[in-house]
There are 2 protein chains.
Amino acid sequence: MLKKQLIMERALELFAKQGFESTSVQQITEHCGISKGAFYLSFKSKDELIIALIDHFMMQITTEIDQIVRNTPNDEELLYKFYYAIYHSFHKQSDFAKVLIKEQSQTFNKDLILKMRYYDKLIENNILSMIERLYGEEVRQTKYDLMYCIKGFMNTYSQLFVFYNVPLDLKLLSESLVEKTNLLARHTTVPFISQELIEIVKQPMNAEVTKEQILEIVGQRIEEIETSIEKESLILLQGQLLEPTLPPAIVKGLLGNISNHPHCKWISYLLRRYYNF
Amino acid sequence: MLKKQLIMERALELFAKQGFESTSVQQITEHCGISKGAFYLSFKSKDELIIALIDHFMMQITTEIDQIVRNTPNDEELLYKFYYAIYHSFHKQSDFAKVLIKEQSQTFNKDLILKMRYYDKLIENNILSMIERLYGEEVRQTKYDLMYCIKGFMNTYSQLFVFYNVPLDLKLLSESLVEKTNLLARHTTVPFISQELIEIVKQPMNAEVTKEQILEIVGQRIEEIETSIEKESLILLQGQLLEPTLPPAIVKGLLGNISNHPHCKWISYLLRRYYNF
DNA sequence: TTGACAAATGACCCAATAGTCATTATTATA
DNA sequence: TATAATAATGACTATTGGGTCATTTGTCAA
């Protein structure tokens, strides 16, 4: 399990520099100081490695955004915190950000594309719910456009510090984008992206996580963490998934119990979506 | 010369579907109905092909934008025409747009990256001069931010019809983006991208076209086009490059002569930059 | 110390692919 | 028609890189 982490870290460095396709397994193993065979003990294939990397980091970013949106009671601060967290994440994990930008929508692997689409939609949903909370009725017609603009800001500005090693003032950046977002939200009158368009675009996105997959992850977590309230809650949630008997209030409570455990952030996010909380 | 075009067209189709790296020369030649050897009669390598493709289309798009910015006297229309032209181009050449997005900043070839940076900067300059003309003093502090936002709009919205085959209302799209751009230009007060930051980012961009390269292209064009005012003008401009004797007014006039000839758009654009017109 | 089990190795296999070149087909010229 | 020049072919080479597996090394309980 430690070997796996070593490989992921070292491979990420190479991928960021050279790209995924141009990095051979040979190079990775040399960079790790292990043999080629050892690589295949940890990962079934080179593809499995990149998927593991993307999963790892995207989970982190997605949950981070989700937590901010849910745990910031003050509307005034929300947008600022959102932008700050995004760029802070990208900055901290700039190697990963590089890989993400370089490899974005590369065709070489169907699974990977679906995966990326999946995370993309998750982030879109988070942005949308933030928009709705902040501006409500005011942006009913223009919310999808606003969401696209926010995504545009995220992408365009992140290239600045991903490709040039410039020392950036994240606070100023966030502040600047908050102003722009507010401007667009409050004064836009000509929407382009309609509900209907969004529906069309949504189509090919059917890789929703299934109950079975959730159960699998729950099982893993139960094994991983030591006896505690969190573990007990997980076991109860596992039972609930297999045979629903508990009322929603209790389920929600159990979810609350685990949502701050460092190893349970992702699973609690998935469960919250599953139960529509 | 015809074979070259055939290869470029057919290869583009494959690149758009599968990406550059994942398309073999074999596949390209099969798709063209020619032999592998024939491919290497037209292009020295596979890399030369992708570079030719990118040159071809980026020249087209860059000159198109440049022409619009220079030939639209009415400020009211300018932004609209700009967005419309961009998306019209992307739509018409959607295969190329796909390749561009997929391959953007892929590391496999240094030349290519420099090339892309070069065109990127050209487009940035065009956007900047458009902004300055439209908003002048008003955006002195925020023009670079505005430029980045416009680029963000371009990228983000273009993904919509590059990756989903959605029938799009380009007029509405342009109108919508015009409104957003105006909003940001007129009301933004917190700039993030300073002059200084732009300077830093500019650094690695030293692949400016040299006089020798310009001369080479002029030579090619002179060979290509039949005797006419345009050809004569080109020959005079060639002389001027080798030994400057004519006053600026005449040079500018000569440039005007060729700037509408379908084969001279790119060279006239380069010359205009060279002489700072 | 021994033997059994797990972890790690790297030579090897195979498929794919960029690029070459001797040969053949086609066209232009005299 | 004969000859020269040009265009086109595709078998072949050299190399790379993902993945396998027989063998070696390390570990630990008896």
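Each chain gets a letter, A, B and so on, in the order its sequence line appears, and its residues count up from 1.
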Task: Base versus backbone protein contacts along nucleotides 6-16 of chain C [heavy-atom cut-off under 4.0 Å; B, S, -] - done: --BBB------

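- Applying the salt bridge (Lys or Arg N to Asp or Glu O under 4.0 Å) test to every pair with at least one member in residues 28-44 of chain A, sequence neighbours left out, gives these pairs: Lys44(A)-Glu48(A).
- The nearest whole Å value for the distance from the NZ atom in Lys46(A) to the P atom in dT20(D) is 15 Å.
- In this structure, Ser42(B) reaches neither bases nor backbone, as no heavy-atom distance under 4.0 Å exists between it and the strands shown.
- Gln18(B) has its CD atom 14 Å from the C1' atom of dT17(C), to the nearest Å.
- A ring-centre distance under 6.0 Å is not found for Tyr157(B) and Tyr87(B).
- Ion pair Arg272(B)/Asp66(B) flagged as a salt bridge, since at least one NZ, NE, NH1 or NH2 atom sits closer than 4.0 Å to an Asp/Glu carboxylate oxygen.
- If you take CG of Asp47(A) and C1' of dG17(D), they are 13 Å apart, rounded to a whole angstrom.
- The CG atom of Leu49(A) sits 14 Å away from the C1' atom of dG19(D) (whole-angstrom rounding).
- For residues 54-64 of chain A, the set of pairs meeting the salt bridge (Lys or Arg N to Asp or Glu O under 4.0 Å) definition, not counting sequence neighbours, comprises Asp55(A)-Lys115(A).
- When the P atom of dA11(D) is taken as reference, atom CD of Glu30(B) falls 12 Å away, rounded to whole Å.
- The aromatic rings of Phe43(A) and Phe39(A) sit tilted, their planes meeting at an angle between 30° and 60°.
- Listed here is the closest heavy atom pair of Met147(A) and Ile127(A): CG-CG2, 3.7 Å.
- Distance CD (Glu48(B)) to P (dA18(C)): 15 Å, rounded to an integer number of Å.
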